[in-house]
Protein chains: 2
Amino acid sequence: MTNKTQMLTVQQAARLSHVSIRTLHYYHQVGLLLPTAQTKSGYRMYDKNAMKRLQHILLFRKLKFSLKEIRQMLDDPFFNEQEALEKQIALLEMEKQHTQQLIDLANALRKGDKIMNFDAFDESEMEQFKQEARKKWGRTAAWQACEKKNPADMQNAGKDMMQLFADLGTLLHLSPAHPAVQQQVQQLQQYITAHFYPCTNEILSGLGQMYAQDERFRQNIDAHGGPGTAAFAAKAIEIFTKE
Amino acid sequence: MTNKTQMLTVQQAARLSHVSIRTLHYYHQVGLLLPTAQTKSGYRMYDKNAMKRLQHILLFRKLKFSLKEIRQMLDDPFFNEQEALEKQIALLEMEKQHTQQLIDLANALRKGDKIMNFDAFDESEMEQFKQEARKKWGRTAAWQACEKKNPADMQNAGKDMMQLFADLGTLLHLSPAHPAVQQQVQQLQQYITAHFYPCTNEILSGLGQMYAQDERFRQNIDAHGGPGTAAFAAKAIEIFTKE
DNA sequence: GTTGACCCTGACGCTGCGTTATCCATTATC
DNA sequence: GATAATGGATAACGCAGCGTCAGGGTCAAC
């Protein structure tokens, strides 16, 4: 699947991305960017996906999010790349404008204006926007509950979850009450229980409603299972938990 | 001299400049921004000059200079505000442009371009420019030689030095060889010896040539002593050291 | 004279790496 | 196939630039 010729060593990855090797080591250490693979002798290897993740990381970093925040956002299985990019662009635009204000201030100072104006240094506006972004992108409650696990598990778990929804997406032509569908729901429940927390029927029911109502859940689920998967999942869960 | 009504407490200064009180404490601690005065009970008070210095600090900080670098630049008696502002503006423009590149990248990513391009994250260009700036603004050799002294002494010493040149500026109508002028030169030599390092005639001679040749010295000296002071000082020093 | 807002000085903690130091792996060269 | 050069790994320490208590003075108001 992964083309060996496309795998990069640390040094190559570092040069390409203009970060230090140490930084890659560190990002590995804190679970922010795991190498795609490691050779028998422990050498880190990075593929295109890893580099893409690194791009995202660097974008967030430029916007002054902490590494922990970045990890939480990127590892959230309901992370929505499109939306993230849009918000990032908005923030970058603010940043640019902000820099312009500083230029204006410097120009004023150069001309001798002795203005005691520090508004150009005020970053609360951006901070507020970032706060909203944090809320929007912040790890879901379910996800937050399991901070203990190691990073590799987390990142895999995210993919696994989405795989379950993808599988569900192949059953859209059936009734939500169909046994095959109901079995998928049960698998979801078991997966959550196994990896995060005991997922009672009650909790599962709550999740189902979230999937149907919250836009960000819906988008991400539909992205993996096809349009309508989220709504379908909600119905199926409702039936499952009512029994 | 300083109007009491214009003095700000830490909290007021912090609010005005949008930095934390802790930051002001810290800047005091490392000698980056000394309060204009302290009340008998130790309360820090900041006047307009201090706030202006803070503006400069924040500008430099935005450009990612370290606090130590900032202090060295601002405390250098040959610091040239005009030139600094120009360079800062240039750097800010670069920064803005840089942000724009990231916006472009994000837009490309949003449209699905799977470009493996990290050039937008490359800051070496800016770094290089900053290096030049460092050289230009970096503490002069003389100044660097005396890292030991405490910050208050440093900042005062800068002003005192310039006062000597200002005094010299009042003697421009005389011959450089005039006793009054020569005495000023001797005072300069003594001041340097007392505050920095033993200033032999040879060293003094070297300084004189620097004053005459280096544009940044010339500008700063002339700014305090009036046009022609630097050249005048150079001549006077030459005469002084030849005896 | 006491309350509340404000100030101080430590001192410890944290993030995001830079910087050795020391040792294994791989490759190129002889 | 020996050896040097190059590249990789881990471990450990260090540092800047503050945030964040903890413990304790000050000062105006009431």
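Fair warning: this is a prediction, and the values are worked out from it, not measured in the lab. Here is how names work: the chains are called A, B, and so on, in the same order as the sequence lines, proteins then strands, and each is numbered from 1.
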Using nucleotides 15-17 of chain D, report all nitrogen or oxygen pairs with the protein that are shorter than 3.5 Å.
residue: D/dG17; atom: OP1; partner: B/L67; partner atom: N; Å: 2.9

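Proximity of B/H28 to B/L33: side-chain heavy atoms (C-beta onward) are nowhere separated by under 4.5 Å. By the 4.5 Å heavy-atom criterion applied to side chains, A/E123 and B/H18 are not counted as neighbours.
Within 6.0 Å of CD on A/Q38 lie more than 12 heavy atoms contributed by other residues, nucleotides or ligands. Around the NZ atom of A/K130, the shell of radius 6.0 Å holds more than 12 heavy atoms that belong to other residues, nucleotides or ligands. Heavy-atom contacts from other residues, nucleotides or ligands closer than 6.0 Å to NZ of B/K62 number more than 12.
Heavy-atom contacts of chain A under 4.0 Å fall on DNA chain C between two terminal nucleotides, which in 5' to 3' order are C/dT15 to C/dT26.
Side chain of B/R71 to backbone of B/V30: a donor-acceptor contact under 3.5 angstrom is found. Between the side chain of B/H56 and the main chain of B/K52, no donor-acceptor pair closer than 3.5 Å is present. Panel note: side chain B/K96, backbone A/I103; no donor-acceptor pair is recorded below 3.5 Å.
Regarding A/L8, its CG atom lies at a distance of 15 Å from the C1' atom of D/dG8, rounded to whole Å. For B/R44 and D/dT26, the CZ to C1' distance is 15 Å, given to the nearest whole Å. Rounded to whole Å, the distance from NZ on A/K64 to P on D/dG19 is 13 Å. Rounded to whole Å, the distance from CD on B/Q38 to P on D/dT26 is 14 Å.
Taking 4.0 angstrom as the limit, B/S41 places a side-chain polar atom (N or O) nearer than this to OP1 or OP2 of D/dC27. Look at A/R22 and you won't find any side-chain N or O under 4.0 angstrom from OP1 or OP2 of D/dA11.
Contact check of residues 10-21 of chain B against DNA chain D (heavy atom, cut-off under 4.0 Å) returns B/S20.
There is no side-chain donor-acceptor pair under 3.5 Å between A/H98 and A/E125. Under 3.5 Å, the side chains of A/D104 and A/Q100 contain a donor-acceptor pair of N or O atoms.
Considering all non-hydrogen atoms of both residues, A/M7 and A/D47 come closest at SD-CB, 3.5 Å.
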